[in-house]
Amino acid sequence: MFHSLLLCVSVANACAIIESRNLGASTLTVRTRVAPSPTGDPHVGTAYTALFNYCVARHAGGQFILRIEDTDVARSNPQSQAAILESLRWLGLEWDEGPDVGGPHGPYQQSLRSETYRTYAAQLLEQGHAFRCFCTPERLEQLRSAQQRAGVRPGYDGRCLELSPAEAETLRANSTPFVVRMRVPREGICVVNDLLRGRIEIGWETVDMQVLLKQDGMPTYHLANVVDDRLMEITHVIRGEEWISSAPKHILLYNYFGWPVPALCHLPLLRNPDKSKLSKRRNPTSILYYRRMGYLPEALVNYLGLMAWSMPDGEEKFTLAQMAGKFDLKRISLGGPVFDIKKLTWLNGRWLRENLSDEEFAERVQEWALNRDYLMRIVPLVKSRVSLLSELGPLTAFFLSGDLNLNPKDFDDKKMSRDVICKAFAQVLAGLDELVTWNKEAITAVLKQSADAFQFKLRDFLRPFYVAVAGSTTSTPLFDSMEILGRDLCRVRLRRALELLQTARPATTDAEVD
RNA sequence: GGCGCUAUCGUCUAGGGGUUAGGACGUGAGAUUCUCAAUCUCAAAACCCGGGUUCGAUUCCCGGUAGCGCUACCA
């Protein structure tokens, strides 16, 4: 297996050429990691990266580590963290070390390691590889916009680099807030040796003097990731392509610390059908959504393994263990794969049909939705609305469905035209996306606000939403239902309803126009 | 704008200096089936463009173009 070492630091005639190089054989145990940031729903992109890291580790008989990158205090939250762990475990991507299972290099949660980062930042400061920056966010903002206006590359201008030690001391004595930035060579090139792409050259002049330690004392990704990968003995950093341009910063940090650089490998990014980076606005990205839709973890993880990778024999259906057994980084293709839900669904069908006995199928159905937890959330909503248990079917069908298969006519409404309904859907969709926490209160607030904005009584305004979300105006209460269904499913249903009405434009008024 | 990455059917991909460029999803047609699925058969469908290297490039090199990413006290 590979182990990469930092190579030459040839600073010849003011031309810094720093290069990471992957050296040959090494006896080190392969250790990989996935390092999600707990700032939202568990993302399929996280699972995809985790999968490749998992396979590299398992194939080599090494270890796979889960680390939580929660240094963004404002955006990180424990619910998201819990959901990420649960989702990855659901997919079968078991980790050897992590926040919940522990391990010899813990804690595996960066917010618990601030002291460590501070120590290393202090070391860089002491050695002159980093400096305190007292510039205010306002100044930086002005600087950036001025640079943009002038058509210059935005970046820190190095002002605080010129502070004399005495000046810096005075500012500190006055407890002026500061951040720690890294020093970056101003010329020369950095060579990033990517396992997949080979040699990538990036000029130092394009690398900003990144903040390493934020004003709140938390490290940025760049510092934390390097320090932790070193301390956790990570040998292969396998992450998304989006990180290529910051690789020089990381290589430089390893260099400053005198540490070997792990092997670097940048995976192609999962894409929306329009080829942009996979995003929830255009596609369901939450693993929770796929679980709720009734995809099997085996199928989802299998499909993710079809993204950018293929089995040597071309077989498309395989287990995680089979993939890990045959895994070879070299078989990764570099074009960004479009996440195609149709093919995922086909694959899921195969898993369902070909791999489950009737007993197992029944068990899966129970686990999926006919479980006590889910039922107990629905029962309070339906009990008062039925006089026969058999009325449960139609009343709760939408809780057990994916796509609702609606007809534009279902939305016909005496008080709201199709046009207004479309606008309402669009506005609410945007409002719901903004929500930090998905619960009844927050959902209620969004809908009420929109109803006001459209100058409708809430009950009138809500009618098309009942149809879009529950398939009918005869239904359990909307806000509760939406909370239970979850954000992704609601988003998908509303978006689909919107598309349905938009493409079926000629409603009642101008049917003859074209 | 700057820097970087990428480029085979609509989509996921195999392949690779000489091939009828292979498979899969999806699409269309047919078969089978009490319906519908499933299954089977068949069909349409691709090497981004221009130079170079070469006896020969889709494959190797360069350029262009396009797509994407990054350009934060987010990761």
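Only this structure's heavy atoms are used, side chains among them; waters, hydrogens and symmetry mates stay out. So that the names make sense, note that chain A is the first sequence line, chain B the second, and so on, each numbered from 1.
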Atom-pair distance (CH2 on A:Trp309; P on B:rA14), nearest Å
11 Å

Taking atom P of B:rG4 as reference, at what distance in whole Å does atom CG of A:Leu264 sit?
18 Å

Could you work out, with side chain to side chain donor-acceptor pair (under 3.5 Å) as the rule, every residue matching A:Ser472, not counting sequence neighbours?
none

When you look at CD of A:Glu126, are more than 12 heavy atoms from neighbouring residues, nucleotides or ligands closer to it than 6.0 Å?
no

Could you say whether A:Ile332 or A:Asp72 is positioned toward the 5' end of RNA chain B, judged by the nucleotide with the nearest heavy atom to each?
A:Ile332

Shortest non-hydrogen contact from A:Arg118 toward A:Gly217:
NH1-O, 3.5 Å

Go through the structure and list residues passing side chain to side chain donor-acceptor pair (under 3.5 Å) with A:Lys343, not counting sequence neighbours.
A:Glu316

Between C1' of B:rG4 and CD1 of A:Ile251, the distance in whole Å
13 Å

Taking a pair as Watson-Crick or G-U wobble with both distances under 3.5 Å, which nucleotide is matched to B:rU39?
B:rA31

Pairwise P distance for B:rU41 and B:rC48, with rounding to whole Å:
30 Å

Which one is paired to B:rG26, where only Watson-Crick or G-U wobble pairs with both distances under 3.5 angstrom count?
none

When all nucleic acid strands are considered with a 4.0 Å heavy-atom cut-off, which category describes A:Val338: base, sugar-phosphate, or nothing?
sugar-phosphate

State whether A:Arg31 and A:Asp229 are salt-bridged, where the test is any N-O pair (Lys NZ or Arg NE/NH1/NH2 against Asp/Glu carboxylate O) under 4.0 Å.
no

Nucleotide by nucleotide, nucleotides 21-38 of chain B touches protein heavy atoms under 4.0 Å in the pattern (B base, S sugar-phosphate only, - none) --BBSS-----------S

Footprint string (nucleotides 59-72 of chain B, 5' to 3'): B base within contact, S backbone only, - free, heavy atoms under 4.0 Å:
--------SSSSSS

May I ask you to decide whether A:Arg199 forms a salt bridge with A:Glu201, counting only side-chain N to carboxylate O separations under 4.0 Å?
yes

Which one is paired to B:rU19, where only Watson-Crick or G-U wobble pairs with both distances under 3.5 angstrom count?
none

Could you tell me how far B:rG64 sits from B:rU6 if I compare only their P atoms? Round to whole Å.
15 Å

Considering only the C1' atoms, how many Å lie between B:rA44 and B:rU27, rounded to the nearest integer?
9 Å

Please work out if A:Pro137 contacts a base, only the sugar-phosphate, or nothing of the nucleic acid, heavy-atom cut-off 4.0 Å.
base

Strictly below 4.0 Å, N to O, side chains only: are A:Arg89 and A:Glu94 in salt-bridge contact?
yes

Who does B:rC47 pair with, Watson-Crick or G-U, both distances under 3.5 Å?
none

Under 30°, 30 to 60°, or over 60°: which ring-plane class applies to A:Trp259 and A:Phe257, parallel, tilted or perpendicular?
parallel

Look through every strand shown and name the nucleotide pairing with B:rG69 as Watson-Crick or G-U wobble, where both distances are under 3.5 Å.
B:rC3

Base, sugar-phosphate alone, or nothing: which one does A:Ala308 contact when heavy atoms must sit under 4.0 Å apart?
sugar-phosphate

What pairs with A:Asp41 under salt bridge (charged side-chain N to carboxylate O under 4.0 Å, His left out), at least two apart in sequence or on another chain?
none

With rounding to whole Å, what would you report as the distance between B:rU59 and B:rC47 at their P atoms?
12 Å

Please classify the nucleic acid contact of A:Met307 as base, sugar-phosphate, or nothing, using heavy-atom distances under 4.0 Å.
sugar-phosphate

Rounded to whole Å, how long is the line connecting atom CG of A:Leu212 with atom P of B:rC74?
12 Å

Contacts of A:His43 meeting ring-ring contact (aromatic ring centres under 6.0 Å, His included) (sequence neighbours excluded), chain-then-number -> none

Can I get a per-line list of side-chain donor-acceptor pairs under 3.5 Å for residues 175-183 of chain A, giving both atom names and the distance, sequence neighbours left out?
from: A:Thr176; atom 1: OG1; to: A:Leu171; atom 2: O; distance (Å): 2.8
from: A:Arg181; atom 1: NH1; to: A:Met209; atom 2: O; distance (Å): 2.9
from: A:Arg183; atom 1: NE; to: A:Gly128; atom 2: O; distance (Å): 2.7

What residues form a salt bridge (charged side-chain N to carboxylate O under 4.0 Å, His left out) with A:Glu86, not counting sequence neighbours?
A:Arg291

What orientation do A:His129 and A:Tyr256 show, parallel under 30°, tilted 30 to 60°, or perpendicular over 60°?
parallel

Expected rows: protein N/O vs nucleotides 43-49 of chain B N/O, under 3.5 Å:
none

Pairwise P distance for B:rA14 and B:rA7, with rounding to whole Å:
11 Å

Please identify each residue that fulfils salt bridge (charged side-chain N to carboxylate O under 4.0 Å, His left out) with A:Asp228, with sequence neighbours left out.
A:Arg67, A:Arg113

For the student: nearest non-hydrogen atoms of A:Arg186 and A:Glu205, plus distance
O-CB, 3.6 Å

Go ahead and name the base partner of B:rC74; Watson-Crick or wobble counts if both distances stay under 3.5 Å, otherwise write none.
none

For the base of B:rC74, is there a side-chain donor-acceptor partner from A:Arg75 under 3.5 Å away?
yes

Let me know the distance between NZ of A:Lys326 and C1' of B:rA14, rounded to the nearest Å.
16 Å

Looking at B:rA57, which nucleotide sits across from it as a Watson-Crick or G-U wobble partner, both distances under 3.5 angstrom, or is there none?
none

Contact class for A:Glu69 vs. all strands (heavy atom < 4.0 Å): base, sugar-phosphate, or nothing?
sugar-phosphate

What residue pairs, at least two apart or across chains, pass side-chain hydrogen bond (donor to acceptor under 3.5 Å, both in side chains) with a residue in residues 298-314 of chain A?
A:Glu298-A:Arg364, A:Asn302-A:Trp351, A:Ser310-A:Arg331

With heavy atoms under 4.0 Å as the rule, sort A:Pro177 into base, sugar-phosphate or nothing.
nothing

Distance in angstrom units between A:Asn272 CG and B:rC12 P, rounded
12 Å

Both distances below 3.5 Å, Watson-Crick or wobble geometry, any strand: find the nucleotide opposite B:rA14.
none

C1' atoms of B:rA57 and B:rG15, separation to the nearest Å
15 Å

Can you tell me, in whole Å, how much space there is between the P of B:rC40 and that of B:rG23?
14 Å

Look at all strands and tell whether A:Arg331 reaches a base, only sugar-phosphate, or nothing, counting heavy atoms closer than 4.0 Å.
sugar-phosphate

Are the side chains of A:Asp70 and A:Ser37 in touch, meaning some heavy atoms are under 4.5 Å apart?
no

Work out which heavy atom in A:Arg491 is nearest to a heavy atom in A:Leu429; give both atom names and the distance.
O-CD1, 3.8 Å

Whole angstrom value for the distance that separates C1' of B:rU39 from CD of A:Glu354:
11 Å

Between B:rU11 and B:rG26, how far is it from one P atom to the other, in whole Å?
16 Å

Within the structure shown, what part of the strands sits under 4.0 Å from A:Gly336 by heavy-atom distance: base, sugar-phosphate, or nothing?
sugar-phosphate

Looking at RNA chain B, which of residues 110-132 of chain A put a heavy atom within less than 4.0 Å of it?
none

Kindly say if A:Ser310 contacts the phosphate of B:rA14, meaning a side-chain N or O under 4.0 Å from OP1 or OP2.
yes

Just how far, in rounded Å, is C1' of B:rC74 from CG of A:Asn225?
14 Å

